Amino acid sequence: MANAYLGGLYLRQGKYNEAIEALENYSATGSPILDPLVTGLKGDVHSELKDYKKAAGFYKEAADKSANSYTTPLFLKKLGLVYEAQNEFKQAEETYKKIKTDFPESQEAAMIDGLIGRVQAHL
């Protein structure tokens with residue numbers, strides 16, 4: 001677990017290589033919250049580095065790791081945002097709609113209509 005926290009600290013400090021190294025050294029615990037969060041942090045590092053393809057892969061993995069109303073919509077939203085950054089508006093729309101239909105009680109769902117509207121303007 002120390003590597004998860006260390007990776008998060010390095011990410012906040014902008015030390016992306018160190019963050020990836022720490023996160024890669026994390027040993028999965030089986031936690032339905034912590035394990036997806038660590039995978040999502042890897043996505044955050046790659047997003048900061050503007051490697052959106054890798055970021056998307058990690059966000060998708062994090063969202064799929066454990067279906068729950070906390071981590072899944074969080075990483076689906078981030079996945080949608082990297083789809084937008086790559087001008088993949090149809091995929092972004094589908095991702096945002098999944099939040100709206102599958103996790104309507106989540107914090108992300110409360111403001112998802114604005115994101116859906118934004119990507120629909122590009123379709």
Side-chain angles (χ1 to χ4, degrees):
M1 286 181 31
N3 283 308
Y5 295 115
L6 185 59
L9 289 172
Y10 281 138
L11 173 61
R12 281 187 282 271
Q13 294 173 346
K15 297 179 179 179
Y16 304 124
N17 291 331
E18 291 90 340
I20 285 292
E21 184 177 331
L23 295 169
E24 290 295 332
N25 287 324
Y26 169 78
S27 296
T29 64
S31 166
I33 302 297
L34 187 57
D35 289 354
L37 285 174
V38 170
T39 302
L41 283 172
K42 292 176 188 178
D44 290 346
V45 171
H46 289 288
S47 185
E48 289 292 332
L49 294 170
K50 299 195 183 337
D51 185 350
Y52 297 125
K53 188 171 184 165
K54 269 192 180 177
F58 282 116
Y59 290 145
K60 184 167 180 3
E61 181 183 342
D64 291 344
K65 216 174 248 289
S66 171
N68 64 71
S69 61
Y70 175 64
T71 62
T72 305
L74 171 69
F75 293 119
L76 286 173
K77 181 180 175 187
K78 289 182 178 198
L79 177 60
L81 291 170
V82 295
Y83 281 148
E84 282 190 70
Q86 297 176 94
N87 296 320
E88 296 176 2
F89 300 111
K90 187 65 180 164
Q91 292 91 330
E93 178 189 35
E94 291 169 5
T95 302
Y96 294 148
K97 284 184 174 181
K98 184 171 176 73
I99 294 169
K100 185 173 182 163
T101 58
D102 294 358
F103 302 96
E105 75 289 351
S106 69
Q107 182 177 8
E108 289 75 17
M111 300 181 74
I112 205 67
D113 287 332
L115 294 174
I116 292 170
R118 183 172 70 193
V119 295
Q120 286 176 338
H122 292 284
L123 297 176

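No experiment lies behind these values; they were computed from the predicted model shown.
- In terms of modelled atom types and a separation under 3.5 Å, the side chain of Ser47 and the main chain of Gly43 share no donor-acceptor contact.
- Hydrophobic clustering, defined by side-chain heavy atoms of Ile, Leu, Val, Met, Phe, Trp and Tyr closer than 4.5 Å, groups Leu11 together with Met1, Tyr5, Tyr16, Ile20, Leu23, Tyr26, Leu34, Val38, Leu41, Val45, Leu49.
- The cluster map of Ile, Leu, Val, Met, Phe, Trp and Tyr, joined by side-chain heavy atoms under 4.5 Å apart, puts Tyr70 and Tyr59 in the same cluster.
- Taken from OG1 in Thr71 to CD1 in Ile33, the straight-line distance is 5.0 Å, to the nearest 0.5 Å.
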Please report the C-alpha distance between Glu18 and Gln13 in whole Å, then the side-chain angles of each, then the deciding distance to 0.1 Å, and finally whether the side-chain contact (heavy atoms from CB on, under 4.5 Å) criterion is met. CA-CA 10 Å; Glu18 291 90 340; Gln13 294 173 346; over 6 Å; no

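- Note: the hydrophobic cluster containing Val119 does not contain Met111 (ILVMFWY, side chain heavy atoms under 4.5 Å, direct or indirect links).
- Scored by the ring-ring contact (aromatic ring centres under 6.0 Å, His included) test, Tyr52 finds no partners at all (sequence neighbours excluded).
- Nearest heavy-atom pair across Ala19 and Gly7 is CB-O, 3.5 Å.
- Ala62 approaches Thr39 most closely through the heavy-atom pair N-CG2, 3.8 Å.
- A continuous path of ILVMFWY side-chain contacts below 4.5 Å connects Phe89 to Ile112, so both sit in one hydrophobic cluster.
- More than 12 heavy atoms of other residues, nucleotides or ligands lie within 6.0 Å of OH in Tyr83, so this atom counts as buried by the packing criterion.
- A salt bridge links Lys90 to Glu93: one of the charged nitrogens lies within less than 4.0 Å of a carboxylate oxygen.
- The shortest heavy-atom contact between Ser106 and Ile99 is OG-CG2, 4.0 Å.
- Electrostatic pairing of Lys42 and Glu61 does not count as a salt bridge here, judged by no charged N lying under 4.0 Å from a carboxylate O.
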Determine whether Lys53 and His46 satisfy the following criterion, side-chain contact (heavy atoms from CB on, under 4.5 Å), listing intermediate values before the conclusion. CA-CA 8 Å; Lys53 188 171 184 165; His46 289 288; over 6 Å; no

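- Distance CG/Leu115 to NZ/Lys100: 11.5 Å, rounded to 0.5 Å.
- Judged purely by atom type and a 3.5 angstrom limit, Asn3 uses its side chain to pair as donor or acceptor with the backbone of Asn25.
- Here the closest heavy-atom approach between residue Glu84 and residue Ala92 is recorded as CG-CB, 3.8 Å.
- To the nearest 0.5 Å, the span separating CG on Asp113 from NZ on Lys97 amounts to 10.5 Å.
- Atom CD of Glu21 sits in a sparse spot, with 12 or fewer heavy atoms from other residues, nucleotides or ligands closer than 6.0 Å.
- For Gln107, the CD atom is loosely surrounded, since the number of other residues' heavy atoms within 6.0 Å does not exceed 12.
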For residues 72-80, dump all side-chain donor-acceptor pairs below 3.5 Å to protein atoms at least two apart in sequence or in another chain.
from  : atom 1 : to    : atom 2 : distance (Å)
Thr72 : OG1    : Ser66 : O      : 2.9
Thr72 : OG1    : Asn68 : N      : 3.0
Thr72 : OG1    : Asn68 : O      : 3.2
Lys78 : NZ     : Asp44 : OD1    : 2.9
Lys78 : NZ     : Asp44 : OD2    : 3.1

